[in-house]
2 protein chains.
Amino acid sequence: MKLSTKGRYAVTAMMDLALHEQFGPVTLADISKCQGISLSYLEQLFAKLRKHDLVTGVRGPGGGYRLAQPPEKITVADIVTAVDENVDATRCKGKGNCQNGARCLTHELWCDLSNQIYNFLNSITLAQLAARPGVREVAERQDRLHSRNVSKASAA
Amino acid sequence: MKLSTKGRYAVTAMMDLALHEQFGPVTLADISKCQGISLSYLEQLFAKLRKHDLVTGVRGPGGGYRLAQPPEKITVADIVTAVDENVDATRCKGKGNCQNGARCLTHELWCDLSNQIYNFLNSITLAQLAARPGVREVAERQDRLHSRNVSKASAA
DNA sequence: GGTAATCCCTAGTATTGCGGTGGGGAATAA
DNA sequence: TTATTCCCCACCGCAATACTAGGGATTACC
């Protein structure tokens, strides 16, 4: 059982967005630099996030991405499911036809687990995440390292 | 995010074991037939389960596998971690060196999620699982279909 | 209007791990 | 002795992941 880095990257990128949006749209180039994610890969992830109405792109110089909804409305589950097709632990996609058209021995278990995971991720919003002391600390270190933040507002 | 079928198969097989152990050791051939899992693949899974002291093999005719511990002592987490190396949602294996030796923005989140999943799976024992009405029902259907159960006791 | 910055799209590609196969043993009950 | 079982190891095809490459559209700024 493992979380793909796809989901991790997407949440990380969305966090970056939430933390810097106040200074205008955030470019993927910035996120790529600060979070250490390949630019082209980011673009692919953001294509999915856009399709799911989680972000909106702003073209042209000074452009970038914005959250399409207030961070209080976006949950981690929203992000993960947007990029990571299946958050499901069952094989049968919840249909119950796991074994020759009937439920397998452990069908219920995996349904429960899937729900458990989903509920957990769905109970955490971007806003809550961004407000964590540990997160703010890491974000400030990153900003210092790449001289972002205030300088970005004047640059744009 | 997805659970590999490896973990699913292992839990299913262990359930089969728990449900039929009363009639003597259970052969992998039986499990393979009833649960629809390739025999050779099962052997690989059971090699890991054996290494983790969850089952013991009995060689020779009439042999098979037994639970190495009472089903009340074996949790789903035990099984999944035995076959599925990483139940960890973080990239850094909990070390916190995800980004250039420092914690990444979402490190805490994935740690929390990993714990959440682990605690859930660890709170469920094989015995509890086997006692579920839904499970008993499916098991009985399977037994009828493959004429196992009582006939097995006399066959062995 | 031109230019540069940005998003946007599509097509690749290397690697990895999963799920599965095959074959050849060693132990042991009958 | 033989059949049955566990046990071990090496391989293989496939799909998905993580990533690269390149070529557009759109738009702010001069």
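In the text below, chain A, chain B and the rest are named by the order of the sequence lines, each starting its count at 1.
Atoms NZ (Lys51(B)) and P (dC6(D)) sit 17 Å apart, rounded to a whole Å. Regarding Leu42(B), its CG atom lies at a distance of 11 Å from the P atom of dT21(C), rounded to whole Å. Atom pair Arg66(B):CZ and dC7(D):P shows a separation of 13 Å (rounding to whole Å applied). The CD1-P distance, from Ile31(A) to dC19(D), rounds to 16 Å in whole Å. The CG atom of Leu28(B) sits 4 Å away from the P atom of dC6(D) (whole-angstrom rounding). dT17(D) atom P lies 12 Å from atom CZ of Arg8(A), rounded to whole Å. Protein atom CG of Leu45(A) is 11 Å distant from nucleotide atom P of dT17(D), rounded to whole Å. Protein atom CD of Glu43(A) is 15 Å distant from nucleotide atom C1' of dA18(D), rounded to whole Å.
With hydrogens and angles ignored, no donor-acceptor pair under 3.5 angstrom links the side chain of Ser40(B) to the base of dG20(C). Between the side chain of Gln44(B) and the base of dC8(D) there is no donor-acceptor pair of N/O atoms closer than 3.5 Å.
In summary, of the residues considered (Lys51(B), Arg8(B), Lys48(B)), a side chain to side chain contact (heavy atoms under 4.5 Å, CB included) with Val83(B) occurs for Lys48(B) alone.
The nearest heavy atom of DNA chain D to Leu39(B) and to Pro61(A) marks one nucleotide each, and the one closer to the 5' end goes with Leu39(B). In terms of position on DNA chain D, the residue among Arg59(A) and Ser38(A) whose nearest nucleotide sits closer to the 5' end is Ser38(A).
For Ile124(B) against Arg132(B), the heavy-atom pair with the smallest separation is CD1-NH2, 4.3 Å.
At dG22(C), none of the side-chain N or O atoms of Tyr41(B) fall inside 4.0 Å of OP1 or OP2 (strictly under the cut-off). Between dT6(C) and Tyr65(A), no contact under 4.0 Å exists linking OP1 or OP2 to a side-chain N or O. When the side-chain nitrogen and oxygen atoms of Arg50(B) are compared with OP1 and OP2 of dC8(D), one or more of them lie within a distance under 4.0 Å.
Cluster membership for Val58(B) and Leu19(B), using ILVMFWY side-chain heavy atoms within less than 4.5 angstrom, is not shared. Criterion: ILVMFWY side-chain heavy atoms under 4.5 Å apart, direct or through other members. Under it, Ile31(B) and Tyr41(B) are part of a common hydrophobic cluster. Following chains of ILVMFWY side-chain contacts shorter than 4.5 Å, one can reach Leu67(A) starting from Leu45(A), so the two form part of one hydrophobic cluster.
At the heavy-atom level, Phe46(A) lies nowhere under 4.0 Å from the strands shown.
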